Amino acid sequence: MRHFLQETDFSRAEAGEIFALARHFKRQRGAHEKPLAGQTWAMIFAKSSTRTRVSFEVGIHELGGNPLFLNTNDIQIGRGETIADTAKVLSRFVHGLVVRTYAQKDLTDLAEHGGLPVVNALTDFLHPCQVYADAFTAAERWAGPSGDLMDALAGRKVAFLGDTGFNMANSWILGAGLFGMKVSLGGPASAAPGREISELAAKAGAKFEFTSDPFEAVAGADLVYTDVWTSMGQESEAAERRRRLLPFQVTGKLFATAKPDAFFMHCLPAHAGEEVTQEVLDNPRCVIFDEAENRLHVQKAILALLARHRA
Ligand code: CP
Ligand code: NVA
């Protein structure tokens, strides 16, 4: 049974296969094969979502399957039923799970007990579907219509600014390693990548740079990336985070020091005037809505690959 809990659950060759399949699904939208025909995939969400929820619901449907959205407040998990029991029960009904929650361990538990494929739709630790879609978005541009998508990423530099100690930064550390990219994180020392991600990165051979100088992080970057300063679950720290992360705001001035053709990316939702200025969001090299669209195509490819391994 294969799962997608972290970036490195797929090999570099498989990630290349996912990108090629995503390109195919994007081009053939509505007219391609339906590898989830006859299947129901449950989507267990313990946090809010716009992009992830809609792209998975639409994607499962377009692959011929039936998406079943379950808010944890509405199912017995919200009243204390264990993850292990939930997974065992769900495996009697559905063919796969897409899960958004807090602890990464909840996903590994589900994967261990469920007997069905589990996809990480965001935890506090990682957001792998997002980083695959982001890399695909950049690769599409760099590779052109027929170039190899994975080759197009090799050696490119991504600069990640702001909250360098949470899920999106962690995902870029693992993702950049897998895609053959360089990643430079610019954030305050208090948000430096933690021990867990550093150990995982070392095991995966994923190197990264961390600096508290935002201009050093952005120098020579092909891609400038940021995420919200206050992630879901951190709302009580919002004021303190705004103060601490302000030097790492992506301004027009900072973005202008990346390569002249660099793209700006953000997983969204964005907060103009916090992690990024409106000027950067209005720049023609800001590709945030293409990233959002590509969640659909890339996740369909991920599901198709998992379904193939399940068969
Ligand atoms: N980028 C992202 O995952 O967005 P949602 O929280 O809206 O799903
Ligand atoms: N870091 C953000 C990402 C949202 C897609 C959060 O966890 O809220």
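Whatever order the structure lists ligands and atoms in, that order sets their numbers, starting from 1. Every value quoted in this text rests on a predicted model; they were computed, and no experiment measured them.
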Short side-chain to backbone donor-acceptor contact, Thr226 and Leu161, under 3.5 Å
yes

- Within a strict 4.5 Å, meaning less than it, do heavy atoms of the His271 and Trp229 side chains meet? no

Output for ligand 1, non-hydrogen cut-off under 4.0 Å, lists Ser49, Thr50, Arg51, Thr52, Arg100, His127, Gln130, Cys267, Leu268, Arg295

Honestly, for Val228 the part within reach of ligand 2 (heavy atoms, under 4.0 Å) is side chain

With a 4.0 Å cut-off on heavy atoms, does Thr230 reach ligand 2? no

In terms of heavy-atom contacts, Gly16 and Met150 come closest through N-CE, 3.4 Å

- Check the angle between the aromatic planes of Tyr225 and Phe160 and answer parallel, tilted or perpendicular using the 30° and 60° thresholds. parallel

Ranked by distance from atom 7 (O) of ligand 2, the top protein heavy atom is Asn167 ND2, 2.8 Å

Are more than 12 heavy atoms, taken from residues, nucleotides or ligands other than Lys34, located less than 6.0 Å from that residue's NZ atom?
yes

So for Thr52 against ligand 2, with non-hydrogen atoms under 4.0 Å, the contacting part is neither

Beyond-backbone contact of Arg141 with Val287, side-chain heavy atoms, under 4.5 angstrom | yes

Of all protein heavy atoms, the one nearest atom 8 (O) of ligand 2 is Met232 N, 2.8 Å

Q) Ring centres of Phe19 and Phe179 under 6.0 Å apart? A) yes

So is Arg100 polar-close to ligand 2, meaning N/O to N/O under 3.5 Å? no

To atom 5 (C) of ligand 2, the nearest of Asp124, Asp163, Asp227, Leu268 on a heavy-atom basis is Leu268

**Item:** Thr137 and Glu291: side chain donor to acceptor below 3.5 Å
**Value:** no

For this session: Would you mind reporting whether Asp163 and Phe248 have side-chain heavy atoms less than 4.5 Å apart?
Result: no

the protein heavy atom lying closest to atom 4 (C) of ligand 2 turns out to be Leu122 CD1, 3.9 Å

closest protein heavy atom to atom 2 (C) of ligand 2 is Ser231 OG, 3.3 Å

**Report entry** Thr101 vs Leu107 side-chain heavy atoms within contact, under 4.5 Å
**Finding:** yes

